[in-house]
Amino acid sequence: MTVLASAVRNDETPGFPGVSFGRSADGMAVALVGETAFAMAPARDGRHYLVTGWRIRRPMEEWTRSDFYGHSGVLADDEAFRSAVLEQGEHQREKKALGRHEARIAASTPWGPSQGATVYADGVVFHDTAGHGGFHLSTELNAQINPMLRADGGWYEEDEAWAIVAIHFQHLFTSFERRSAERTVKDSWPDAWETIFGTILQPGESFEKDRRAFEKDHADCWIVISAITSDHEQGFVEVVATRGGEREVSAGERRFLVPSTEYRVGRLGFVIDETRHRAYDGPSSFAGWRGRAA
């Protein structure tokens, strides 16, 4: 599907903010949702990434890759880009309707002094600090968090634990945020998810659960912990592997050569096939291995 170069406002997503699609000066598919700009930026191996910018004060046809900095995941094609942008339009409209408001609240957080806050509701406040941020719940609301996920003091950091707040107080979050929270809790706390919602997560539904199964199934296998394109063996990646992917100093390390066309890390790690991947004791491209005895 080709994204039209002309602006299309409010066609699939009526209301504020409008959604516009176009093409940048360097040929990228781009879009604007409110004051947030999006682009489908090319990457290696024919892949594309969703990247973001903010308040670009020029027409779309003058935008370039240098206007974008945020990275929001991999895109399969133009249709995936369009869907992601329309989802962001929905998210911003729902967020506006929720009536969150900014405030200055003197607070000492686990990440430093609060430099600004967003009030979601009485007792539900998100604090920004110089280096991090997260939610604080009142004592009464924190008591409503399932004990398997409850944080002492009611502080929930912004990287993952925010999702605990979102799945317990869903009416305070947008559809996009609720979907993201569901994925985060399933990935990070599968046992709690299964207990709270009375379900069993299947393979592929939880990163943490899949990681445990992977480690159990490959406990005696050589798993890559470091990799570098070989300077000495053309067409190969030189890798360092340990049994079960252990990273402790005491873990025994071995080097192998893997064809460059084959080496892909994947979600959980690369497993050495000793019948095909040659053990290697030659000159190393790893700085830390140079001069070490084989």
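Hydrogens, waters and symmetry mates play no part in the numbers below; they use all other heavy atoms, side chains included. Worth saying up front: this structure is predicted, and the values here are computed from it rather than measured.
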Heavy-atom side-chain contact between [X] and [Y] under 4.5 Å:
{"X": "Val224", "Y": "Val265", "result": "no"}
{"X": "Leu98", "Y": "Leu172", "result": "no"}
{"X": "Val119", "Y": "Ile105", "result": "yes"}
{"X": "Val30", "Y": "Arg23", "result": "no"}

Is it the case that the side chain of [X] and the backbone of [Y] share a donor-acceptor pair, with hydrogens and angles ignored and the cut-off at 3.5 Å?
{"X": "Arg255", "Y": "Gly282", "answer": "yes"}
{"X": "Lys209", "Y": "Leu201", "answer": "yes"}
{"X": "Glu157", "Y": "Glu160", "answer": "yes"}
{"X": "Gln115", "Y": "Pro113", "answer": "no"}
{"X": "His71", "Y": "Gly73", "answer": "yes"}
{"X": "Arg150", "Y": "Ala143", "answer": "yes"}
{"X": "His277", "Y": "Pro259", "answer": "no"}
{"X": "Ser260", "Y": "Gly235", "answer": "yes"}
{"X": "His91", "Y": "Glu87", "answer": "no"}
{"X": "Ser206", "Y": "Lys186", "answer": "yes"}

Would Val74 and Tyr49 count as a side-chain contact (heavy atoms from CB on, under 4.5 Å) if you check the C-alpha gap in whole Å, the side-chain angles of each, and the deciding distance to 0.1 Å?
CA-CA 4 Å; Val74 178; Tyr49 293 109; 3.5 Å; yes
Distance, nearest 0.5 Å, that separates [atom1] of [X] from [atom2] of [Y]:
{"X": "Thr199", "Y": "Glu205", "atom1": "OG1", "atom2": "CD", "value": "7.0 Å"}
{"X": "Leu268", "Y": "His218", "atom1": "CG", "atom2": "NE2", "value": "9.0 Å"}
{"X": "Thr184", "Y": "Ile167", "atom1": "OG1", "atom2": "CD1", "value": "10.0 Å"}
{"X": "Phe135", "Y": "Leu141", "atom1": "CZ", "atom2": "CG", "value": "12.0 Å"}
{"X": "Phe236", "Y": "Thr261", "atom1": "CZ", "atom2": "OG1", "value": "8.5 Å"}
{"X": "Met60", "Y": "Ser24", "atom1": "CE", "atom2": "OG", "value": "10.5 Å"}

Closest approach of [X] to [Y] (non-hydrogen atoms, all atoms of both residues):
{"X": "Gly112", "Y": "Thr129", "answer": "O-CG2, 3.6 Å"}
{"X": "Glu246", "Y": "Ile225", "answer": "O-CG2, 4.2 Å"}
{"X": "Glu262", "Y": "Phe270", "answer": "O-CE1, 3.8 Å"}
{"X": "Ala41", "Y": "Arg65", "answer": "CB-NE, 3.4 Å"}
{"X": "Phe173", "Y": "Ala166", "answer": "CE1-CA, 3.5 Å"}
{"X": "Ala161", "Y": "Tyr156", "answer": "O-CB, 3.6 Å"}

Quick one: are the ring centres of Tyr120 and Phe169 less than 6.0 Å apart?
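Centroid separation for Tyr120 and Phe169: 6.0 Å or greater.
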Test of ring centre spacing under 6.0 Å for His127 and Trp155:
yes
Cluster link [X] to [Y], ILVMFWY, side chain under 4.5 Å:
{"X": "Phe256", "Y": "Val240", "result": "no"}
{"X": "Trp162", "Y": "Trp111", "result": "no"}
{"X": "Val239", "Y": "Val271", "result": "no"}
{"X": "Trp222", "Y": "Leu257", "result": "no"}
{"X": "Val51", "Y": "Leu32", "result": "yes"}

With side-chain contact (heavy atoms from CB on, under 4.5 Å) as the criterion, how do Ile272 and Val258 come out once you've worked through the C-alpha distance, each side chain's angles and the decisive distance to 0.1 Å?
CA-CA 8 Å; Ile272 293 295; Val258 178; 4.0 Å; yes
Applying salt bridge (Lys or Arg N to Asp or Glu O under 4.0 Å) to Glu177 and Arg100, what does each step give before you reach the verdict?
CA-CA 14 Å; Glu177 290 168 334; Arg100 301 170 187 171; 2.7 Å; yes
Any chance you could lay out the salt bridge (Lys or Arg N to Asp or Glu O under 4.0 Å) test for Glu35 and Arg57, step after step, and finish with the verdict?
CA-CA 9 Å; Glu35 294 190 294; Arg57 302 304 191 192; 3.2 Å; yes
With distance as the sole criterion, is a donor-acceptor pair present between the side chains of Thr118 and Glu102 under 3.5 Å?
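Yes, because at least one side-chain N or O of Thr118 sits under 3.5 Å from a partner of the opposite role on Glu102.
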Any side-chain donor near an acceptor of the partner, Gln144 and His168, under 3.5 Å:
no
Does the structure place the NZ or CZ of Arg267 under 6.0 Å from the centre of the six-membered ring of Phe207, at an angle of no more than 45° from the ring's axis?
no
What do the steps show when you test Glu208 against Arg211 for salt bridge (Lys or Arg N to Asp or Glu O under 4.0 Å), and what is the final call?
CA-CA 5 Å; Glu208 174 60 19; Arg211 182 191 64 78; 2.5 Å; yes
Could you tell me whether Glu90 and Arg179 have a side-chain N and a carboxylate O separated by less than 4.0 Å?
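Yes, charged N to carboxylate O under 4.0 Å.
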Does the distance from a Lys or Arg side-chain N to an Asp or Glu carboxylate O, for Arg212 and Glu215, drop under 4.0 Å?
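Salt bridge: no.
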Under the salt bridge (Lys or Arg N to Asp or Glu O under 4.0 Å) definition, can you give me all pairs with a residue in residues 113-127, not counting sequence neighbours?
none
Partners passing side-chain contact (heavy atoms from CB on, under 4.5 Å) against Asp128 (at least two apart in sequence or in another chain)
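Phe126.
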Might you work through the side-chain contact (heavy atoms from CB on, under 4.5 Å) test for Thr195 and Met148, ending with a clear yes or no?
CA-CA 9 Å; Thr195 298; Met148 295 183 70; 3.7 Å; yes
Worked verdict on Val124 versus Leu137 for side-chain contact (heavy atoms from CB on, under 4.5 Å)
CA-CA 5 Å; Val124 183; Leu137 299 181; 3.8 Å; yes
